[in-house]
There are 2 protein chains.
Amino acid sequence: MQTIEPIEWLHGKIRIIDQSRLPHQEVQLELAGYEEVAEAIKMLRIRGAPLIGIAGAYGLALCAQSIEIKSRPRFLRELHRIAEALASTRPTAVNLRWAIDRMLATTETKRDIAAIKSALIIEARAIHDEEREATTRLSRLGAALIKDGFTVLTHCNAGALATGGYGTALGVIKAAREQGKHIDVIATETRPLLQGARLTAWELRRDGIPVTLITDSMAGHFLSRRKIDCVITGADRIAANGDTANKIGTYTLAVLANENDVPFYAAAPLSTIDRSLPSGDRIPIEERDPEEVTCIQGVPVAAPGVRAANPAFDVTPHRYVSAIITEHGIARKPYKASIAKLFRPPQTRTKGGSSGRS
Amino acid sequence: MQTIEPIEWLHGKIRIIDQSRLPHQEVQLELAGYEEVAEAIKMLRIRGAPLIGIAGAYGLALCAQSIEIKSRPRFLRELHRIAEALASTRPTAVNLRWAIDRMLATTETKRDIAAIKSALIIEARAIHDEEREATTRLSRLGAALIKDGFTVLTHCNAGALATGGYGTALGVIKAAREQGKHIDVIATETRPLLQGARLTAWELRRDGIPVTLITDSMAGHFLSRRKIDCVITGADRIAANGDTANKIGTYTLAVLANENDVPFYAAAPLSTIDRSLPSGDRIPIEERDPEEVTCIQGVPVAAPGVRAANPAFDVTPHRYVSAIITEHGIARKPYKASIAKLFRPPQTRTKGGSSGRS
């Protein structure tokens, strides 16, 4: 099985898999400027909260190399302008802003422009490596929650394609499978952009994990008939109290899971947690083109002129979230305390409490 | 505004609107034999629980005319064979079986074949007329539940297209509008076959009622943000205790409505109530071709070979149903008593209790 590399740094270019064309075509694109990176993020050629963080970092590193300005302050002004353009492409996933901020911070201690340029490349690669490591680690921790013989429901795509290469929700499933457990997956198609049908089903089949595709509207039926043992999704932004923004439809699955006494887990690296927001009600929800609803893969499904709404994310209140799986441990309620603990140095983190392995 | 006539009896033929081609093409079909009627029902050219009951009745009347057998018992055997073939086309909506049984009952007192043949036509027309009258009446009763300024969420299509001509869920909305109330509708697209996007949005726009289309996965978001005042759907079969089978996704909407303290109403004529079933767990759930999930309007959305499930209906336990709107009144909990009361003669029905107008 060939590993999926959703993004690669090729000194002077960024190579991505164009996810908007999967599964019908496996096309790689080389992005050479920030407009191309911004376009790829906006059009969901690269998507998934951890991956767009990595893409933003590489995008900024790439663009920095071609800034010809000799004055350090003017160079940094231009760099900040590009950073802002990249960060504003998608407002909900906090990983993008987190990565851009981390990239900009690295410039502060560097005296000359050449040093800044090379520091940005080093930092972007570090972000990629650390995020890949974080998702691999959280997947192994989370696998403890998945028992042999489980049928797991997942939504959208939180797999290798959504991250630096291992996955969050699908990473947990993959790690459970690598532990020798037999796992069945039910994947929602995830309208409007069908990441479940196009990406998750494709990725799980590549990994040899049995998957059954359903429409988003069928999840409740299978939960109520006790066909699902747990629900696991990724996350785009988690507030300090555990409220979790993720792909539209996630809130619905969490409510349905809760109603049927099935655990609902969110799996995400710490870069997805936004401790500056006390709760989820201030997470910005991206509203996308209504045509994504009125057309499917370019084919109109509604009569001309029909109005549509298209919020791309929703917020699941923390009371519906059974656990948050991170690379520093599994946080449980009350989340304010358990999430704060995830960010403490390792020696204080592992002492008791609800954020350790469980 | 031209009235929608989803089905018409033209002595010797049945004329239908081919709903599988809406809204892109408005095509009428003439069905001349029971295989054509059965095909039209199976392929959802005619759909909606009340309408397939009417179609089954007309189909049987039509086929009876061309049976050449002279012996009454052998004629009836052939009629029953055709009746069975029609009734088995779709197992969940009870209206089809109800209409076929009523048609067969009408043959019992008729001595000669000519009398049976003409009685079947009279009975089919009576079923059509009574069902149209019932949905018009239940719509006016139900309109009392819809206040001026309400935003109403509906699922699938329970409009003129699903009935003898007025609608159930959409009939209630239309009747509220005719009472001068301003109503906004949010319509779910209703995957897999997109009856919401294709039919409900089209029908409401024809009626001049403002409608916003959403994917099925977005309903929870709008309910949790208090953008919806009530949810109203049709029904395919209601058990004696109020458990309600309807288009896949309805259970999810009922749970979400309940979780957000928003009323959930089912609107259906009495022909949809199956008093032979004490609860919903024995309602047969039609499983349709997985290709309806893996392809959208013929365009594949998943990789080749991806497995899919496709239950066409789900069952909403009665505890989530705030009221059942029928032509004999609005039933509320406890449903066992209030539903039984709907079937009593009028003078005993209207005395107090929970099944009167409210």
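The chains referred to below are lettered A, B, ... by the order of the sequence lines, with proteins before strands, and numbering in each begins at 1. Heavy-atom basis, side chains included; hydrogens, waters and symmetry copies ignored.
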Find the N and O donor-acceptor pairs between chain A and chain B that sit under 3.5 Å apart.
from, atom 1, to, atom 2, distance (Å)
His24(A), NE2, Pro300(B), O, 3.2
Glu189(A), OE1, Arg191(B), NE, 3.2
Glu189(A), OE1, Arg191(B), NH2, 2.6
Glu189(A), OE2, Arg191(B), NE, 2.8
Arg191(A), NE, Glu189(B), OE1, 3.3
Arg191(A), NE, Glu189(B), OE2, 2.8
Arg191(A), NH2, Glu189(B), OE1, 2.6
Arg205(A), NH1, Gly305(B), O, 3.0
Arg205(A), NH2, Pro304(B), O, 3.3
Thr212(A), OG1, Arg307(B), NE, 3.2
Thr212(A), OG1, Arg307(B), NH2, 3.2
Leu213(A), N, Arg307(B), O, 2.8
Leu213(A), O, Ala309(B), N, 3.0
Ser217(A), O, Gly249(B), N, 3.4
Gly249(A), N, Ser217(B), O, 3.4
Tyr251(A), OH, Asn260(B), OD1, 3.4
Tyr251(A), OH, Asn260(B), ND2, 3.0
Glu259(A), OE2, Tyr320(B), OH, 2.6
Asn260(A), OD1, Tyr251(B), OH, 3.4
Asn260(A), ND2, Tyr251(B), OH, 3.0
Pro300(A), O, His24(B), NE2, 3.2
Pro304(A), O, Arg205(B), NH2, 3.3
Gly305(A), O, Arg205(B), NH1, 3.0
Arg307(A), O, Leu213(B), N, 2.8
Arg307(A), NE, Thr212(B), OG1, 3.2
Arg307(A), NH2, Thr212(B), OG1, 3.2
Ala309(A), N, Leu213(B), O, 3.0
Tyr320(A), OH, Glu259(B), OE2, 2.6

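- The shortest distance between side-chain heavy atoms of Ile46(A) and Leu44(A) does not fall below 4.5 Å.
- When every heavy atom of Ala239(B) is checked against every heavy atom of Gly280(B), the shortest pair comes out as CB-N, 3.7 Å.
- When all heavy atoms of Ala49(A) and Ala235(A) are compared, the pair lying nearest together is CB-O, 3.5 Å.
- The two residues Pro91(B) and Pro284(B) come nearest to each other via the heavy atoms O-CG, 3.5 Å.
- For Pro304(A), the part sitting under 4.5 Å from any heavy atom of chain B is the backbone (N, CA, C, O) and nothing else.
- Residues satisfying the side-chain contact (heavy atoms from CB on, under 4.5 Å) criterion with Ile17(A), sequence neighbours excluded, are Ile4(A), Leu22(A), Leu161(A).
- Of the residues considered (Val301(A), Val293(A), Val306(A)), Val301(A) shows the highest number of contacts with chain B, using heavy-atom pairs under 4.5 Å.
- We find the CD1-CD1 distance between Ile248(A) and Ile285(A) to be 7.5 Å, quoted to the nearest 0.5 Å.
- The minimum heavy-atom distance linking Pro6(A) with Ala160(A) is given by the pair CG-O, 3.3 Å.
- With contacts defined as side-chain heavy-atom distances shorter than 4.5 Å, the pair Val231(A)/Val152(A) does not qualify.
- Shortest non-hydrogen contact noted between Ala266(B) and Gly234(B) is CB-O, 4.4 Å.
- Neither the backbone nor the side chain of Ile186(A) comes within contact range of chain B; no heavy atoms are under 4.5 Å apart.
- Between Cys230(A) and Phe150(A), some side-chain heavy-atom pair lies under the 4.5 Å cut-off.
- One distance of note links CG of Leu204(A) with CG of Leu170(A); it measures 5.0 Å at 0.5 Å rounding.
- At a 4.5 Å heavy-atom cutoff, the contact between Ile296(B) and chain A is made by side-chain atoms alone.
- Comparing Ala308(B), Gly249(B), Pro210(B) by how many heavy-atom pairs each has under 4.5 Å with chain A, the most go to Ala308(B).
- The contact between Ile214(A) and chain B is made by backbone and side chain atoms together, counting heavy-atom distances below 4.5 Å.
- Contact tally against chain B (heavy-atom pairs below 4.5 Å) for Val255(A), Leu199(A), Leu213(A): the top residue is Leu213(A).
- Summarising the geometry, atom CD1 belonging to Ile228(B) is positioned 4.5 Å from atom CG belonging to Leu153(B); distances are rounded to the nearest 0.5 Å.
- When each of Pro300(B), Ala219(B), Pro317(B), Ala201(B) is scored by its heavy-atom pairs under 4.5 Å with chain A, the top score falls to Pro300(B).
- Considering only heavy-atom pairs separated by less than 4.5 Å from chain B, the leading option among Pro290(A), Ala309(A), Ala187(A) is Ala309(A).
- Using a 4.5 Å cut-off between heavy atoms, Val299(A) contacts chain B through its side chain alone, with no backbone atom that close.
- For chain A, the nearby part of Phe313(B) is the backbone; its heavy atoms alone come within less than 4.5 Å.
- Heavy-atom distances place the side chain of Leu194(A), and not its backbone, under 4.5 Å from chain B.
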